[in-house]
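Read the structure below first, then the notes.
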Amino acid sequence: MTDAPITQDVLTIPRKLPVDGRTNIVGLTRDALHVALIDMGTPEKQAKMRVNQVWQWLYFWGVRDFSLMTNLAKDYRAKLADHFDIALPEIVSKQVSADGTRKYLVRIAGGHEVETVYIPEEDRGTLCVSSQVGCTLTCSFCHTGTQRLVRNLTAGEIVGQIMLVRDDLGEWPEAGVGTGEQGPRLLSNIVLMGMGEPLYNFDNVRDAMKIAMDGEGIALSRRRITLSTSGVVPEIARCAEEIGCLMAVSFHATTDEVRDKLVPINKRWNIATLLDALREYPRLSNSERITFEYVMLKDVNDSDADARRLVKLIAGIPAKINLIPFNEWPGSPYQRSDWDRIEKFADIIYKAGYASPIRTPRGEDIMAACGQLKSATERQRKSRAQIAAETGTA
Ligand code: SAH
Ligand code: SF4
């Protein structure tokens with residue numbers, strides 16, 4: 001078995017738009033926007049105020065045209081349009097599941113495609129956002145992991161997914177009608193659980209989340225954002241300090257031997273090292289608990305002994321354990337655990353004092369469930385033989 005790559009080999013794209021040399025304003029943090037406006041000739045004394053004005057148009061009202069930013073002088077609006085573009089990724093297609101889940105295929109610069117999934121629930125609406133095209137990691141049960149083509153999404157492309165879906169949901173406030181904050185939000189939560197490993201695209205993910213959390217724009221609380229990592233240990237503390245969102249971890253196994261196969265990054269940072277980092281997280285980020293994601297794979301990680309080991313391993317960490325019935329994909333080398341097995345597993349964890357919800361698969365009919373995301377336009381696909389060789393299931 002070859003070692004899984006643990007660093008990225010990614011393309012970067014310039015912020016300047018190749019077509020006309022303008023800068024994409026979407027995805028600039030407040031600080032970056034401040035600098036950019038001064039570079040454009042905005043007097044320093046006015047810069048802070050201009051940042052606020054532009055920011056609210058972009059992220060509170062959802063305006064996409066500088067000429068509509070009516071509290072700015074006309075010549076200033078024209079100047080903005082000369083220097084900046086308001087560029088979002090493009091929705092290529094949308095599929096709506098029988099259960100209301102919406103899966104969007106989103107095209108980003110360079111023609112790459114990623115998926116974004118909106119999951120409506122009674123008390124919330126969760127958007128599952130992608131952070132990379134494909135993933136450099138090769139978790140053996142994950143469809144995205146079979147996709148080799150990888151590029152990091154820019155901050156604009158990450159926050160852009162939120163903006164596009166708010167467009168589709170009609171969720172921007174209407175000028176003169178109110179702030180749109182009367183009812184429950186349609187898009188109230190973000191999970192960084194789409195394609196890619198968010199901690200391998202740290203800076204862009206952080207900048208995008210800072211924009212999404214900013215109280216004068218999209219204004220999602222940091223407690224409504226959950227970042228899921230496969231276990232990039234050195235970035236976990238940084239995530240606490242620089243983003244402060246909730247943390248989920250793709251745990252999936254209770255011995256290093258099994259986790260090495262399922263989540264190969266475990267060969268670099270093993271279970272003990274990962275748990276040490278997670279133990280620190282709630283304190284560093286001032287958040288209550290860590291979500292342990294655990295995919296239920298028949299006869300691989302679903303025994304009573306696994307459940308008991310899991311409870312022992314996480315002792316002392318405030319935690320919720322999210323059991324995910326495996327979602328099959330064409331050629332996947334595993335099967336979903338039987339339902340009564342999953343319930344038995346959940347029961348052991350529950351009796352040990354942890355919440356152990358079983359995640360109901362959503363959007364299965366449109367292949368929108370966890371781990372099924374993979375753009376149809378990928379160019380280099382791993383063969384089934386390659387997957388089998390990597391997972392030792394040949
Ligand atoms: N790269 C990050 C975030 C994306 S994956 C991570 O690995 O955490 C989101 C969740 O779906 C992870 O817990 C992942 O392990 C899980 N997952 C991947 N493939 C799956 C599948 N086929 N069925 C069920 N869950 C899957
Ligand atoms: Fe990448 Fe996460 Fe899939 Fe692993 S589970 S291959 S880290 S997207």
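Atoms within each ligand, like the ligands themselves, are counted from 1 in listed order.
Backbone or side-chain N, O or S atoms of Cys142 do not reach atom 4 (Fe) of ligand 2 at under 2.8 Å.
Of all the heavy atoms of Trp329, the ones lying under 4.0 Å from any atom of ligand 1 belong exclusively to the side chain. Residue His252 touches ligand 1 through its side chain alone, judged by heavy-atom distances below 4.0 Å. At a heavy-atom cutoff of 4.0 Å, ligand 1 is contacted by no atom of Val263, backbone or side chain. At a heavy-atom cutoff of 4.0 Å, ligand 1 is contacted by both the backbone and the side chain of Asn327. Under 4.0 Å from ligand 1, heavy atoms of Glu197 appear from its side chain as well as its backbone.
Distances from atom 2 (Fe) of ligand 2 to the protein include no heavy-atom value under 4.0 Å.
Of all atoms in ligand 1, numbered sequentially from 1 with element shown, those under 4.0 Å from a heavy atom of Gly194 are 4 (C). Listed by atom number, the atoms of ligand 2 under 4.0 Å from Cys135 heavy atoms are 1 (Fe), 6 (S), 7 (S), 8 (S). Residue contact check: Leu137 has heavy atoms under 4.0 Å from atoms 6 (S), 7 (S) of ligand 2. For ligand 2, the atoms closer than 4.0 angstrom to any heavy atom of Gly145 are 6 (S).
Between His143 and Trp329, the two ring planes are parallel [angle under 30°; tilted spans 30° to 60°].
In this structure, Asp203 pairs ionically with Arg238, as a charged nitrogen and a carboxylate oxygen lie closer than 4.0 Å. Using a cutoff of 4.0 Å between basic side-chain nitrogens and carboxylate oxygens, Glu293 and Arg359 are scored as salt-bridged.
Nearest residue to atom 7 (O) of ligand 1 from Ala248, Ser140, Ser250 is Ser250 (criterion: closest heavy atom). The closest non-hydrogen atom to atom 8 (O) of ligand 1, taken over Pro325, Gly145, Ser228, comes from Ser228.
Leu169 and Val129 fall within the same hydrophobic cluster, where Ile, Leu, Val, Met, Phe, Trp and Tyr residues are linked whenever their side-chain heavy atoms come under 4.5 Å apart, directly or through other members.
Distances from ligand 1 to the non-hydrogen atoms of Gly196 include at least one value under 4.0 Å.
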